[in-house]
Protein chains: 2
Amino acid sequence: MYTARMSTQDRLIESTRELLWERGYVGTSPKAILERAGVGQGSMYHHFQGKPDLALAAIRRTAEELRASAQRALDGPGTPYERIRAYLERERDVLRGCPVGRLTMDPDVVANDELRAPVDETIGWLRERLARIVEEGQEQGQFARSLDAREIAATVLATVQGGYVLARASGSPAAFDSGVRGLLSLLRPAS
Amino acid sequence: MYTARMSTQDRLIESTRELLWERGYVGTSPKAILERAGVGQGSMYHHFQGKPDLALAAIRRTAEELRASAQRALDGPGTPYERIRAYLERERDVLRGCPVGRLTMDPDVVANDELRAPVDETIGWLRERLARIVEEGQEQGQFARSLDAREIAATVLATVQGGYVLARASGSPAAFDSGVRGLLSLLRPAS
DNA sequence: GTCTATACATCGATAGAC
DNA sequence: GTCTATCGATGTATAGAC
């Protein structure tokens, strides 16, 4: 299932990441994790204290990867508008949803401050990065000064997260793309 | 738990609706439903074929109520912009999330066309209603003709659905409100 | 470190008494 | 119609051999 060079710990974390993305925390059982990782029960409880501990490791790694991926789009070339567009249009497995945002619908994640923390930090980080780019656009005269940069950042993030909801409801990525295009048309500089 | 006048069937549907909202389909067990409804196992399997059948009845009722509630805001008084604002700002239990949109993160709901149908229909209906209002705004010169009404409708819906994600990630409704205010500032007519 | 065996509760459903 | 009893499978965790 994974490369032979991957340690048992890593295989457990990777299979947990996949299952959390596909089925969420509540829908992911230790048994399913073990089967996907191809290891026995004992290995999991040797390396991790239990399901929450393993999930925390998986969530942290997923959050890290998402930040790195988003940063590549946000720090790319172009004007502030173009960088926001690059973020909105970057390659996404739309129907799978956001591996981080999805966790906010998991009651056991939201109820556990330790599990929720990486989710909150990732979204907070993204929002600050986006807000800074909006401010740059305002300084360059690309966006109206009347806009509140942190509010626009929240709108951009919400459009992405909500786009996944629309897409999954209809079973097609088209609604996600529509929401993004609508937002871009509202943001587009007059020039 | 519910009024004495409520039938056993209704009590089962109501407790299922609550649990689906709080914990999703995967996280809701027949046992929990029965305990909340205060009825025995037999009653549930007498009135419903099983968990999916009961969930379907609950989802349909929730979808109906959401449509009725949204319609009140969308058909209210005021300009198209004001009616969209009324929809975006209407009373919401933000941290609980959307009882319909939430279901799109449930793997067993998305995988079952019958369970997904009411979700898809509700969101599709909302999108068409919003698009029509945007068109009215365009006809009245309130919104730019260059905008695509169905895209803007998707953006509005996505902002709401994604706003719940942001709020639940941070544990505070503030981020939802920010996203909505950001969107309204982008939509606001120049006049 | 990894495995199998075991434990005990819960899951979703059925049987059958009343 | 409603209840309790029961079922086989799964969920999460522990014990202990190798």
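In what follows, every chain begins at residue 1, and chains take the letters A, B, ... in the order their sequences are listed. These numbers were taken from a predicted model, which means no experiment stands behind them.
More than 12 heavy-atom neighbours from other residues, nucleotides or ligands sit within 6.0 angstrom of CD on Glu89(B). For Glu139(A), the CD atom sits in a packed shell: over 12 heavy atoms of surrounding residues, nucleotides or ligands are nearer than 6.0 Å.
In summary, the side chains of Ser178(A) and Arg127(B) do present a donor paired with an acceptor at a separation below 3.5 Å, with no hydrogens or angles considered. Checking Gln142(B) against Thr79(B) by side-chain atom types alone, a donor-acceptor pair falls below 3.5 Å.
Contacts of residues 23-32 of chain B with DNA chain C (heavy atom under 4.0 Å): Thr28(B), Ser29(B), Pro30(B), Lys31(B). DNA chain C lies under 4.0 Å from at least one heavy atom of each of the following residues of residues 38-49 of chain A: Val39(A), Gly40(A), Gln41(A), Gly42(A), Ser43(A), His46(A), His47(A).
Atom CG in Leu34(A) sits roughly 11 Å away from atom C1' in dG11(D) (whole-Å rounding). For Asp53(B) and dG12(C), the CG to P distance is 15 Å, given to the nearest whole Å. When the P atom of dC3(D) is taken as reference, atom CD of Glu35(B) falls 13 Å away, rounded to whole Å. The distance from atom CG of Leu54(B) to atom C1' of dC11(C) is 15 Å, rounded to the nearest whole Å. Atom CD1 in Ile33(A) sits roughly 14 Å away from atom C1' in dT10(D) (whole-Å rounding).
In this structure, CD on Glu128(B) lies 9.5 Å from CG on Leu130(B), to the nearest 0.5 angstrom.
Inter-residue side-chain proximity for Leu20(A) and Tyr25(A) is flagged as met; some heavy-atom pair is nearer than 4.5 Å. With a 4.5 Å cut-off on side-chain heavy atoms, Ile123(A) and Ser170(B) do not count as touching.
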Review point. For Arg132(B) and Glu135(B), what are the C-alpha separation, side-chain angles and deciding distance, and is it a salt bridge (charged side-chain N to carboxylate O under 4.0 Å, His left out)?
Key: CA-CA 5 Å; Arg132(B) 185 70 200 96; Glu135(B) 282 173 2; 3.0 Å; yes
